[in-house]
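See structure below.
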Amino acid sequence: MLSVPQLNLGSIDAINYKTKDEREFFAKIIYKEEFLHKILEKKKYFLIGEKGTGKSSYSVFLHNSDYRNTLSRAVSLSQTDYRRFISMSTMGKFNVSSNVDIWKVILLLLVSDGIYDRFGEKSLIFQKFKNLKCAIDEYYSKAFRPEVDQSLDIVENSETAAKIMAKYIELGHGEKKELHQSFSSTQVNLAFLERNFRECLSSLKLESDFILFIDGIDIRPEKIDYESYIECIKGLANAAWELNTEFFANIKDSKKHIKVMLLMRPDILDNMGFQNLNAKVRDNGVNLDWMTTYDNFKNSPIFKLVCGTLKNQQDSGNLTALGVWNHYFPYETDNMRVSEKQDDPFVAFLRYSFYRPRDIVQYMQFMQDYVKQNESNTSTFSKESFYRCQSMFSDYLLGEVKDYLNFYHPTSDFDDLVGFFSEWGGEKEIGWIDFQSAFHRYRTGLGNKNITIKELTSSPEDLLQLLYSLNIIGYIEPASQGKGFAHYCFRDRTPVKLRPKVRYGFTYPVHPGLQRALLVGGPDRRGKR
C-alpha cells in the first residue's frame, strides 16, 4: 500500500489533467458507474450539478477518451466570450431576438470542427463535409481554434463567411441570386450559414457517436448585469435544445448520433424559461446527485468514488475498495447525536461538506499535507489530522460560498454577510425569533453604510432564504423523538425542486463545515453579542 505522502489525490479542477500521464491517471480514478453511462444516452442534453459535483470532470474525461464508441469535444465559455457577445448585441450588431440563431451557427461550427478533430481524415471522405472544412479553413486562414471567441468572428462577419461558404457549397441558380441580394442582412446570412452547416453534417455517416460539451456556463463576468447574462445563456440553451431535438435526432440514415450537452447548475437551468422544465430535467438531464445517508454511505456513489481514487492507484489488484478505505482511515470519529457512539470517518467528511466530491478531496489534501509535515506515521491518515485541518477546510468552504454569492452579486461585500453572524452570540443555531432580532440589530448597526447585498436591508425572511440558498444555514424539522432532521438546500434539491425554499418558524443551524470560519459553535464563542 502506498504511504499517505505517496497518494495522488488528484486535482480539484479537472481542467488540469492535460499531460499524457495525468490523463491516464484520471482515467483510472474517475467514477464510471452510474452517471457516466447516462451521459452517453442519446436524449441526455443537460449535465446538471452544483459547482464541484463533477460536471467538468466527466466532460474532460470523455474529451480525452474514446469511451464506449463515443468521441467528444469539451469547449468552455470564458468571461471574454460573454463580454464580446453582449457587447456585439449592445452595439447593434444583432438583436436579442437573434440570440438563438447566433448560437446555433456557433454550435454547428464547433460541432463541425470537433468532428474533424476527433474523426480526422475519415470525416473528409464525405464531399459536402470536406467542402465545409475547406470553407472554414479559408475563412480562418487555417488557424481556427475550438473557442467560442473565434466562432463569434463568423457571426460578426457573416457576409464574408456566407460568400466564402457559397464558393464551396453547390447551390442552384435561384438560391445564388437570393443570396447575392441578401448579403447585407445578418439574419439572412446566418440562416444561410446554418442551413449549409446542417446539410454538410447530415451527409456524414459516423462510426462513433459524438458529443460537444459546453462548459463555463456558470461564469458571470464582472460588470455584466444579471439580466444580460441570462438572455445570453437563454439563447445558448434554446439553440442547443432546438439542434438536439429538431436536427441531430432526425438526421436520416445516420448510424451514430451527434448531440450538444450543456453543463449547467440547477439554479441557472431554472432560469432558462423552458416549458415543462421538470420533464426536461428527468427525461433529458443527468443530475449529478451525490446525496446519501450516514447509515447507508458505504453503498453510495460518493463513497465508491473516494475509495476508488485510493484503490485504483495501488500496485496490488487483490484489494477491495472498502479494505483500502479501512486501511487509510483506521480510526473513528465522534457521533454528534449520541455521545457514546462513534462514526466511520467518512460520516465526518459528509457532515462537514456539501456532499460534493470536490469538498472531500480537498479535505483529504489538507490532511495529507498535515501528515507529511507533522506525523511520523505516514502509512495512514489520523484522527488528529482530521480535526487539525477543520479550520482550513472551513475557510475553503466559505470561499466556495463567496464564489456562489458573487455570481448573483458580483459587486457584493462578502464581509457584510459574514458580519451578520456576530449577532448570533457565538451560538451555532438559533430560533426564528432570535434570528429576527439578530437581523434588526445588525441592520441598525450598519447605519448609513452602503450595503451591496439587498437582503441585509430588506427583511429577515429574505436574508434567511439567501443564507439557506447559499448552504450557510439550514433548518431543523422537529421529530416526535430526538433532535429532528436538518434540512440544507443542497440536500433538499431534487429534479422537481431545483431551487428549494426555506421554511419559517424553525431552528436554524449554521452548516457544521462553516462554523469555524463564521466563529460560531465553539464554547469560547458563546455569550458574545
Side-chain angles (χ1 to χ4, degrees), residues 35 38-51 53-56 58-59 74-77 81-82 85-86 89 94-108 110-111 148 190-191 194 198 211-220 224-251 257-289 404 407-408 465 469 489-490 492-501:
F35 304 120
K38 291 180 180 178
I39 291 170
L40 302 183
E41 293 178 14
K42 292 182 179 180
K43 293 186 178 181
K44 299 298 185 182
Y45 307 137
F46 305 104
L47 184 53
I48 307 164
E50 294 287 358
K51 177 184 175 184
T53 53
K55 300 188 300 297
S56 297
Y58 282 121
S59 67
V75 174
S76 185
L77 289 162
D81 298 330
Y82 289 116
F85 192 100
I86 294 170
S89 178
F94 51 80
N95 299 320
V96 171
S97 60
S98 304
N99 279 3
V100 174
D101 297 326
I102 292 161
W103 277 114
K104 282 195 284 189
V105 171
I106 291 172
L107 293 174
L108 288 167
L110 292 171
V111 166
V148 174
L190 289 175
E194 180 189 339
R198 287 184 181 228
I211 305 174
L212 174 69
F213 291 100
I214 303 294
D215 200 355
I217 293 174
D218 56 354
I219 297 174
R220 178 185 165 198
I224 297 294
D225 63 271
Y226 183 73
E227 289 73 20
S228 297
Y229 161 82
I230 287 296
E231 284 300 325
C232 178
I233 296 306
K234 276 184 179 179
L236 169 60
N238 282 281
W241 177 260
E242 288 185 25
L243 288 175
N244 282 326
T245 58
E246 298 176 10
F247 173 48
F248 294 132
N250 297 308
I251 295 177
H257 190 74
I258 300 170
K259 71 175 181 179
V260 176
M261 195 166 202
L262 305 183
L263 281 57
M264 302 197 77
R265 279 187 358 206
D267 54 314
I268 299 174
L269 181 59
D270 194 42
N271 277 316
M272 291 299 97
F274 283 125
Q275 292 184 344
N276 301 319
L277 179 59
N278 290 339
K280 285 182 171 62
V281 171
R282 291 183 182 279
D283 296 339
N284 308 112
V286 179
N287 187 29
L288 296 181
D289 181 2
Y404 191 96
F407 177 80
Y408 289 101
Q465 180 62 49
S469 297
C489 187
F490 68 91
D492 291 347
R493 186 175 290 109
T494 68
V496 176
K497 295 189 297 183
L498 293 178
R499 290 194 289 179
K501 301 297 182 183

So do the side chains of [X] and [Y] get within less than 4.5 Å of each other, counting heavy atoms only?
X	Y	result
M261	V286	yes
I48	V281	yes
L110	I106	yes

Next on the checklist: Please report whether the ring centroid of Y229 lies less than 6.0 Å from that of F407.
Outcome noted: yes

Checklist entry - Can the ring centroids of F274 and F46 be said to lie less than 6.0 angstrom from one another? => result yes

Item to check | Worked check of side chain to side chain donor-acceptor pair (under 3.5 Å) between D218 and Y404 | outcome: CA-CA 9 Å; D218 56 354; Y404 191 96; over 6 Å; no

Nearest atoms (heavy-atom pairs only) where [X] meets [Y]:
X	Y	answer
Y82	I219	CE1-O, 2.9 Å
E242	V100	OE2-CG1, 3.8 Å
K44	K38	CG-O, 3.2 Å
S59	L263	OG-CD2, 3.7 Å
V105	L190	CG2-O, 3.7 Å

Test your reading of the model: is there a side-chain donor-acceptor pair from [X] to the backbone of [Y], 3.5 Å cut-off?
X	Y	value
W103	I233	no
N250	T245	yes
R220	Y408	yes
S98	D101	no
D270	P266	no

Checklist entry - Got a salt bridge between K55 and E50, using NZ or NE/NH1/NH2 to carboxylate O under 4.0 Å? => result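 Not counted as a salt bridge, because no side-chain N and carboxylate O are separated by less than 4.0 Å.
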
Checklist entry - Does the pair M264 and L47 meet the rule for a side-chain contact (heavy atoms from CB on, under 4.5 Å), with working shown? => result CA-CA 6 Å; M264 302 197 77; L47 184 53; over 6 Å; no

Next on the checklist: Under a 3.5 Å cutoff, is there a donor and acceptor pairing between the side chains of D283 and Y45?
Outcome noted: no

Item to check | Modelled atom types, side-chain donor and acceptor of D225 and S228, under 3.5 Å | outcome: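 Looking only at side-chain atoms, S228 and D225 do form a donor-acceptor pair, the distance falling under 3.5 Å.
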
Next on the checklist: Using the rule given for side-chain contact (heavy atoms from CB on, under 4.5 Å), can you reason through L243 versus R198, listing the C-alpha separation, both sets of side-chain angles and the distance that settles it, and then say yes or no?
Outcome noted: CA-CA 9 Å; L243 288 175; R198 287 184 181 228; 3.9 Å; yes

Could you give the distance from [atom1] ([X]) to [atom2] ([Y]), rounded to the nearest 0.5 Å?
X	Y	atom1	atom2	answer
I211	K259	CD1	NZ	4.5 Å
K104	E246	NZ	CD	7.0 Å
F213	S56	CZ	OG	10.5 Å
T53	D289	OG1	CG	9.5 Å
L212	I258	CG	CD1	10.5 Å
L262	L269	CG	CG	9.0 Å

Checklist entry - Where do R499 and Q465 land on the side-chain contact (heavy atoms from CB on, under 4.5 Å) test, with the steps shown first? => result CA-CA 10 Å; R499 290 194 289 179; Q465 180 62 49; over 6 Å; no

Item to check | side chain to side chain contact (heavy atoms under 4.5 Å, CB included) partner of L236, the single match among L107, V260, N99 | outcome: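 Among L107, V260, N99, the one meeting side chain to side chain contact (heavy atoms under 4.5 Å, CB included) with L236 is L107.
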
Checklist entry - So, is the end of the K280 side chain (NZ or CZ) under 6.0 Å from the ring centre of W241 and within 45° of the ring's axis? => result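 Flagged: K280 positioned over aromatic ring of W241.
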
Checklist entry - Under the side-chain contact (heavy atoms from CB on, under 4.5 Å) criterion, do I230 and M272 qualify, and how do the steps go? => result CA-CA 8 Å; I230 287 296; M272 291 299 97; 4.2 Å; yes

